[in-house]
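Here's the structure we're looking at; comments come further down.
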2 protein chains.
Amino acid sequence: MDQKDRDIVRALQRNGRMTNQDLAEAVNLSPSPCLRRVRNLEASGVIQGYSADVDPVAYGLPITIFVRIRLERHNEPDVRKFEQRVRMIDEVLECHILTGAMDYQLRVLVPDLKAYEDFIRNRIHPIGGVASIDTSFVYSTVKRTSVFPPPN
Amino acid sequence: MDQKDRDIVRALQRNGRMTNQDLAEAVNLSPSPCLRRVRNLEASGVIQGYSADVDPVAYGLPITIFVRIRLERHNEPDVRKFEQRVRMIDEVLECHILTGAMDYQLRVLVPDLKAYEDFIRNRIHPIGGVASIDTSFVYSTVKRTSVFPPPN
DNA sequence: CTCCGATTGGCAGGATATGCCAAAATTGTA
DNA sequence: TACAATTTTGGCATATCCTGCCAATCGGAG
């Protein structure tokens, strides 16, 4: 993981479908060693995959919601059960554990408010053991990039 | 934006570098119309781009932070200035406006705590007009996907 | 200066993308 | 229901790109 690897990673974050030839040129390598570095980054798990960035509104999911959830009990079985169930919910694109009060923050995508009500009532509440739910709707997005900051 | 387009989108969210031939097979099309649909989705802005998914720890940015910021004044110039400055900060990968109290939520990536202190002191505070900052560190990530839920 | 390992560059064969045209399917209309 | 206009599809040929192999180069260590 040297400077050249970081250059490659950032170039592929900017455009994950650029040809290996263009990538090689962008990082001042010839195609062969460039491709080998990319394959190494993939095999070692630095590059976990590639994905299309899609406009959720155009796709039909105009409502993004950040949901913060706190559990009643923080014992192993309850935590495990909650996390396992959350992973299976398609509407949940992200779920992080935040330091502090054993809080979860979920990023949820739904087509309308009715779907969000369904999500809470039929997906979250049935899991059980939820102490509180705090809902924050995304009004608009000021910035969204997948390119990591350059290392200094 | 019919069902086939949605299938294409979700397949490319799962693997943004799959060949057009494989994609065509996955959505039951021949390569030609499949590629044309992809190009249309790109040209119409549904597919905004492609990016490599990179492990931030392996890259050297082990600390993810959600920062919630509230401004002192919500007038046009202050808001515009804040958003413009935030967009220029490399460490900020996301910035959303949350409904309710004109709050911002930022996703920030830094190598260590010192860098976060620098970020707050030298990037956020100099903007001015910030009333409060609430910091939540990500302890671990339970789920993270870029594939949208299927439409039902 | 010399040796050794790692990295690089170039080449050839195979796979993939892409533009074009005819065929098929779909939509709207009477 | 039948028909016509439009859209979408499938297949082919060419051009581009990927990828595995081998020799050449680079960078340290002794």
Side-chain angles (χ1 to χ4, degrees), chain A residues 1-61 111 145-152, chain B residues 1-61 111 145-152:
Chain A
M1 197 61 196
D2 56 6
Q3 184 57 43
K4 199 134 280 188
D5 280 341
R6 269 180 272 266
D7 290 346
I8 289 174
V9 161
R10 297 186 71 232
L12 287 175
Q13 284 179 324
R14 231 173 270 114
N15 178 8
R17 286 205 78 145
M18 70 194 302
T19 67
N20 183 58
Q21 297 186 4
D22 290 347
L23 176 62
E25 190 176 358
V27 300
N28 292 315
L29 274 177
S30 67
S32 268
C34 184
L35 182 64
R36 186 187 326 230
R37 277 173 178 269
V38 172
R39 293 289 176 262
N40 282 343
L41 290 167
E42 290 168 353
S44 65
V46 177
I47 294 178
Q48 299 172 324
Y50 302 86
S51 57
D53 306 322
V54 180
D55 177 5
V57 177
Y59 179 87
L61 297 168
T145 181
S146 45
V147 182
F148 286 174
N152 284 323
Chain B
M1 196 63 196
D2 56 6
Q3 183 57 43
K4 200 135 280 186
D5 280 341
R6 269 180 274 266
D7 289 345
I8 289 174
V9 161
R10 296 184 72 231
L12 287 176
Q13 284 179 325
R14 228 173 273 113
N15 178 8
R17 286 205 79 146
M18 69 193 303
T19 67
N20 183 57
Q21 298 186 3
D22 290 347
L23 177 61
E25 190 176 358
V27 300
N28 291 316
L29 275 177
S30 67
S32 266
C34 185
L35 181 65
R36 187 190 320 240
R37 277 173 177 269
V38 171
R39 294 289 176 261
N40 281 343
L41 290 166
E42 290 167 354
S44 66
V46 177
I47 294 178
Q48 300 173 323
Y50 302 86
S51 57
D53 306 323
V54 179
D55 177 6
V57 177
Y59 179 86
L61 297 168
T145 181
S146 44
V147 183
F148 286 174
N152 280 323

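Computed over heavy atoms, backbone and side chain alike; hydrogens, waters and symmetry mates excluded.
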How far apart are the closest heavy atoms of B:Arg10 and B:Pro149, and which atoms are they? NE-C, 4.0 Å

Expected output: side-chain B:Arg6 to main-chain B:Met1 donor-acceptor under 3.5 Å: yes

For the side chain of B:Asn20 and the backbone of B:Pro31, is there at least one donor-acceptor N/O pair under 3.5 Å apart? yes

Is the count of non-hydrogen atoms from other residues, nucleotides or ligands lying under 6.0 Å from B:Gln48 atom CD greater than 12? yes

With a 4.0 Å cut-off on N to O distance, would you call B:Asp7 and B:Arg37 a salt bridge? no

Whole angstrom value for the distance that separates C1' of C:dT8 from CG of A:Leu29: 8 Å

Separation of A:Asp2 atom CG from D:dG27 atom P, in whole Å? 13 Å

From B:Arg39 CZ over to B:Ile47 CD1, what is the distance, rounded to the nearest 0.5 angstrom? 9.0 Å

From C-beta outward on [X], which listed nucleotide comes closest to its side chain: [options]?
| X | options | result |
| --- | --- | --- |
| A:Arg36 | C:dG9, D:dT9, D:dG11 | C:dG9 |
| A:Leu35 | D:dT19, C:dC20, C:dG9 | D:dT19 |
| A:Ser32 | D:dG20, D:dG11, C:dT8 | D:dG20 |

Pairwise 5' ranking along DNA chain C for B:Arg39 and A:Cys34, keeping only the more 5' one: A:Cys34

Check DNA chain C against residues 6-27 of chain B and give the residues with a non-hydrogen atom under 4.0 Å, in numerical order. B:Thr19, B:Asn20, B:Gln21

